[in-house]
There are 2 protein chains.
Amino acid sequence: MDAQEKHKIKSQKMKEKVDARVAQAQIEKGLLLVITGNGKGKSTSGFGTVVRCVGHGYKAAVVQFIKGKWESGERNLLEQYGVPFAVMGTGFTWNTQDRAGDIEAATRVWQQAKAFLADPQYHLVLLDELTYMLGYDYLDKEEVLSALKNRPENQSVIVTGRGAIRELRDMADTVSEIKEEKHAFKAGIKARKGVDW
Amino acid sequence: MDAQEKHKIKSQKMKEKVDARVAQAQIEKGLLLVITGNGKGKSTSGFGTVVRCVGHGYKAAVVQFIKGKWESGERNLLEQYGVPFAVMGTGFTWNTQDRAGDIEAATRVWQQAKAFLADPQYHLVLLDELTYMLGYDYLDKEEVLSALKNRPENQSVIVTGRGAIRELRDMADTVSEIKEEKHAFKAGIKARKGVDW
């Protein structure tokens, strides 16, 4: 038996396995995805999914917690497609150094998030860096979890950020943990426009 | 000292640390990012970075290995922005069951990848699912590594896919390993249009 034949037999077995699993996966509903961990790629993965969604003609909304007033490539492009952005606009907590002000800003942007999470016209809502708002107790955990739980049945939600709390992971349909194996920044390479921001 | 003051002091210390690290990171060059692991979010992270890049007015190119002929939300949208897509178009190897045909298709699409990797007008090149081509020996490892190494100095490249080989991780500036903690598909939930594809 040559390599080509071996490959064919192995592939057939793989195909049977995959087909069986695809046949089993028949529940249709909006998903809650949590992308957490200390590695690079969490927010970009969220934005990549927003592009996928909008590219199919569905509506998506973006809420950015933390995020400051700096320019953002993804926002420049996606706003042209009618994707609404709600941005906390304060920047990193170590720059603001103002806990009360941060909580106020978080609470304000959360009101917009809640409105998206109650609106069935949105096929996908990205809650970028929401995990920190829960980790720092800037937002009420019960209120956030309840808004996620009671969202429209067909709406998917992506939550990104380090250190997702246990309750969020438990509620999620998919959880990815991005581990940093190596990071350019730590080797003295400057954050790059069009790649890192 | 109240919580607000404590927060301020902690934040100041954090800011000093971060500022020192930002000051140290002064090397400017194109990056090689590898996003690997078995979890969800690798390709979407690549596409999110392409959006970021294009949103700043830079040129980006996408090469999709494996990827079949099915419709893709990200392609629908990004082609409107002049992002060229080179797509292998064969689909999963367990579906084609044809090793020789897959190698031929991989080699064909690799020619387009090589052209992008030699063209300084591209600020970013996404090589989606390239890892499998190396893992299956569909492409010559030395040729791929050499094209990556000799690319224009200011060009960034993102390679996605499970099981990135050691040589690729060693060459990369940033490596993220996405671990699957939980996946909706395994709980019987169907892949969702606008989210999973």
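Throughout, protein chains are lettered first and strands after them, A, B, ... in sequence-line order, and every chain is numbered starting at 1.
The shortest non-hydrogen separation linking A/S176 to B/G39 is OG-C, 4.0 Å. Across all their heavy atoms, A/C53 and B/G194 have their closest contact at CB-O, 3.2 Å. Of all heavy-atom pairs spanning B/D196 and A/L31, the tightest one is OD2-CD1, 3.6 Å. The two residues A/V195 and B/R52 have their closest heavy-atom pair at O-NH1, 3.2 Å.
Under the 4.5 Å side-chain criterion, counting only non-hydrogen atoms from C-beta, A/R99 is not in contact with B/K8. Looking at heavy atoms from C-beta onward, B/N76 lies out of side-chain contact with A/V54 at the 4.5 angstrom threshold. Here the side chains of B/I35 and A/T44 are not in contact, with every heavy-atom distance at 4.5 Å or above. By the 4.5 Å heavy-atom criterion applied to side chains, B/K40 and A/L33 are counted as neighbours. A heavy-atom distance below 4.5 Å is not found between the side chains of A/T174 and B/K182. Counting heavy atoms from C-beta outward, B/H56 and A/E74 have side chains that stay 4.5 Å or more apart. By the 4.5 Å heavy-atom criterion applied to side chains, A/K29 and B/I189 are counted as neighbours.
In this structure, the portion of B/K186 lying under 4.5 Å from any heavy atom of chain A is its side chain and not its backbone. With a 4.5 angstrom heavy-atom cutoff, B/A187 touches chain A only via backbone atoms. Interface remark: A/Q80 contributes side-chain atoms only to the contact with chain B (heavy atom separation under 4.5 Å). Residue contact with chain B, scored on non-hydrogen atoms closer than 4.5 Å, is absent for A/N38. At a 4.5 Å heavy-atom cutoff, the contact between A/Y58 and chain B is made by side-chain atoms alone.
B/K179 NZ to A/T36 OG1: the interatomic distance, rounded to the nearest 0.5 Å, is 10.5 Å. Taking CD of B/E181 as the reference point, atom CD of A/E177 lies at 6.0 Å (rounded to 0.5 Å).
For the set A/E28, A/K193, A/K13, the entry with the most heavy-atom pairs within less than 4.5 Å of chain B is A/K193. Annotation: maximal heavy-atom pairing with chain A below 4.5 Å, among B/A191, B/S43, B/A184, B/A60, occurs at B/A184. Of the listed residues A/G48, A/S45, A/G55, the one with more heavy-atom pairs under 4.5 angstrom with chain B than any other is A/S45.
Note: A/Y81 and B/Y81 have tilted aromatic rings, judged against thresholds of 30 and 60 degrees for the angle between ring planes.
Heavy-atom neighbours of chain B within the stretch residues 140-161 of chain A, taken at a separation under 4.5 angstrom, comprise A/N154, A/S156.
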